[in-house]
Amino acid sequence: MDEMWNQFFSLRHDKPRTLQLQIRQQLIDAITNGLIGPNEPLPSSRNLAAALKVARNTVIAAYKELEFDGYITPVSYTHLRAHETVLDL
């Protein structure tokens, strides 16, 4: 996974918030603050899970919520991107 992505995440296993919620919120913050630009590809769930040392299902669940909320858009079955109009939300 690209080194750039490591700057977005600071997961704490002792926090009351689940890892899934931490990943979701940290991606929302990066997208809304312009650190992840419109249409910028996100890492695959497998790559992100390996880099963060979490279960792949944790990342998949976070990605699904982000897609439902309009922050990311599927490009194909395996590729996701930041939604192009997310800053308008």
Under the side-chain contact (heavy atoms from CB on, under 4.5 Å) test against Thr58, which residue among Leu19, Leu48, Leu11 passes?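 Single pass found, and it is Leu19.
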
Between [X] and [Y], what is the shortest heavy-atom contact and its length?
{"X": "Ile31", "Y": "Tyr71", "value": "CD1-O, 3.8 Å"}
{"X": "Ile72", "Y": "Tyr63", "value": "CD1-O, 3.4 Å"}
{"X": "Gln22", "Y": "Arg17", "value": "NE2-O, 3.0 Å"}

Keeping Glu67 on the side-chain end and Lys64 on the backbone end, is there a donor-acceptor pair under 3.5 Å?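 Looks like no, no N/O pair under 3.5 Å.
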
I'd like to check the side-chain contact (heavy atoms from CB on, under 4.5 Å) partners of Arg56; sequence neighbours left out, ordered by chain and number.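 Partners of Arg56 under the side-chain contact (heavy atoms from CB on, under 4.5 Å) test: Ser45, Arg46, Ala49, Ile60.
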
Kindly write out the residues that satisfy side-chain contact (heavy atoms from CB on, under 4.5 Å) with Ala30, not counting sequence neighbours, or none if the list is empty.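 Per chain and number, Ala30 pairs via side-chain contact (heavy atoms from CB on, under 4.5 Å) with Phe8, Leu35, Ile36.
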
State the CG-CG distance between Leu42 and Leu66, to the nearest 0.5 angstrom.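 Reported to 0.5 Å precision, the distance equals 8.0 Å.
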
Kindly state each residue pair satisfying salt bridge (charged side-chain N to carboxylate O under 4.0 Å, His left out) with at least one member in residues 24-34, sequence neighbours excluded.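 Passing the test, one end in residues 24-34: Arg24-Glu65, Arg24-Asp69.
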
